[in-house]
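In what follows, a single structure is set out as structure tokens and then discussed.
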Amino acid sequence: MTNRPLVSIRLSRGDLVRPAIYVGGFVILMWLVELVDWLSGRLLVLDLWGIRPRDLDHLSGILFAPFLHADFAHLAANSIPFFVLGTLVFWRGEREFWLVTGLIILLSGGGTWLIGPARSIHVGASGVVFGYLGFLLFLGWFERSAASILRAMAVGLIYGGILWGVLPFQTGISWQGHLFGFLAGLLAAAWLGQRSRNIENEIRLLP
């Protein structure tokens with residue numbers, strides 16, 4: 001009698017490299033933007049293109065904010081979790097990656113725009129990071145597949161500690177972006193996870 005693994009995962013070289021290239025490209029773009037901002041001696045003041053709550057003239061900040069950071073330390077803190085979690089999301093498929101990322105950017109930025117403090121500017125990719133985290137954590141619950149559950153457990157062990165960032169305890173931290181990003185990830189997990197289960201059930205019913 002031979003022992004077989006409960007879960008068999010086969011990844012080709014393309015499966016590993018393609019997500020890393022796409023998500024890594026986003027990280028490189030963030031660093032290039034911050035480098036341009038720094039080399040300009042802050043003359044460009046790119047951070048002014050971030051989210052300005054309830055300012056109708058700066059709605060575009062919802063789209064720009066994830067690529068802007070206060071300084072290199074801020075960017076460095078976001079880069080690794082963005083790359084790791086974003087790559088895990090991309091492994092599910094390119095189409096889902098863009099759907100999840102777009103939903104997170106719109107909802108995390110939109111929520112910040114609605115309830116953020118007046119006369120403040122919000123920048124950084126942390127809202128997207130929290131969105132990816134919420135998506136990966138809850139996907140196992142909604143999809144009920146062994147792979148998604150194991151992925152959620154691993155992500156929870158490594159990054160679960162940052163969940164305190166959704167609470168308004170730290171000054172100077174955009175907890176609004178964290179909270180709405182996390183909720184957007186949960187919504188995306190419910191949507192795509194349930195859809196996957198429906199497709200799986202339909203396949204099982206086929207003669």
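When reading the values below, keep in mind they use all heavy atoms of this one structure, side chains included, and skip hydrogens, waters and symmetry mates.
- The two residues P117 and P53 have their closest heavy-atom pair at O-CG, 3.4 Å.
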request  = For the pair F130 and W175, evaluate side-chain contact (heavy atoms from CB on, under 4.5 Å) and give the outcome as yes or no after the intermediate values.
outcome  = CA-CA 10 Å; F130 274 80; W175 64 269; over 6 Å; no
key: Trace of the salt bridge (charged side-chain N to carboxylate O under 4.0 Å, His left out) decision for E143 with R92   = CA-CA 12 Å; E143 195 173 59; R92 288 184 50 83; 3.0 Å; yes
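- When the side chains of ILVMFWY residues are joined at heavy-atom separations under 4.5 Å, either directly or via intervening members, M30 and L46 end up in a single hydrophobic cluster.
- The shortest side-chain heavy-atom distance between L85 and V155 falls under the 4.5 Å cut-off.
- The shortest side-chain heavy-atom distance between I115 and F180 falls under the 4.5 Å cut-off.
- Proximity of a side-chain donor or acceptor of T101 to a complementary backbone N or O of W98 within less than 3.5 Å is not detected.
- Cluster note: I173 groups with no other residue, as no ILVMFWY side-chain heavy atom lies under 4.5 Å from it.
- Taking the six-membered ring for Trp, F97 and F90 have ring centres closer than 6.0 Å.
- Cluster annotation: L179 is connected to I51 through the hydrophobic network of ILVMFWY side chains, with a link wherever side-chain heavy atoms come within less than 4.5 Å.
- Between D37 and L68, every side-chain heavy-atom pair lies at or beyond the 4.5 Å cut-off.
- The line from CZ of R144 to CZ of F142 is 8.5 Å long, rounded to the nearest 0.5 Å.
- The minimum heavy-atom distance between D47 and V123, with the atom names listed, is O-CG1, 3.7 Å.
- The backbone N or O of G116 lies less than 3.5 Å from a partner atom in the side chain of R54, making a donor-acceptor pair.
- Using a 4.5 Å cut-off between side-chain heavy atoms of Ile, Leu, Val, Met, Phe, Trp and Tyr, with links allowed through other members, L103 and L59 fall into different hydrophobic clusters.
- Crowding of W49 atom CH2: a count of heavy atoms from other residues, nucleotides or ligands under 6.0 Å not exceeding 12.
- The same ILVMFWY cluster, assembled from side-chain heavy atoms under 4.5 Å apart, contains both I62 and L29.
- Taking the side chain as every heavy atom from C-beta outward, L106 and L63 approach each other to under 4.5 Å.
- Across all non-hydrogen atoms, the minimal contact from E34 to D71 is OE2-CA, 3.5 Å.
- Y22 and T87 form no side-chain donor-acceptor contact under 3.5 Å, judged by distance and modelled atom types alone.
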query = How far apart are the C-alpha atoms of W191 and L99, what are their side-chain angles, what is the distance that settles it, and do they pass the side-chain contact (heavy atoms from CB on, under 4.5 Å) test?
reply = CA-CA 11 Å; W191 170 35; L99 287 173; 4.1 Å; yes
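- Of all heavy-atom pairs between G127 and I104, the closest is O-CG2, 3.7 Å.
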ask   = What's the verdict on side chain to side chain donor-acceptor pair (under 3.5 Å) for H122 and S174, showing C-alpha distance, side-chain angles and the deciding distance?
value = CA-CA 7 Å; H122 300 250; S174 181; 2.8 Å; yes
message = The test is side-chain contact (heavy atoms from CB on, under 4.5 Å); show your working for F182 and L137 and say whether it passes.
response = CA-CA 10 Å; F182 188 78; L137 285 178; 4.2 Å; yes
Let me check something: any side-chain donor-acceptor pairs from residues 75-82 under 3.5 Å, sequence neighbours excluded? List them with distances.
{"unit_1": "N78", "atom_1": "ND2", "unit_2": "H69", "atom_2": "NE2", "d": "3.3"}
{"unit_1": "S79", "atom_1": "OG", "unit_2": "W31", "atom_2": "NE1", "d": "2.9"}
{"unit_1": "S79", "atom_1": "OG", "unit_2": "L75", "atom_2": "O", "d": "2.8"}

task = Show your reasoning for whether side-chain contact (heavy atoms from CB on, under 4.5 Å) applies to L136 and Y159.
result = CA-CA 11 Å; L136 293 167; Y159 288 109; over 6 Å; no
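- Using a 4.5 Å cut-off between side-chain heavy atoms of Ile, Leu, Val, Met, Phe, Trp and Tyr, with links allowed through other members, F83 and F135 fall into the same hydrophobic cluster.
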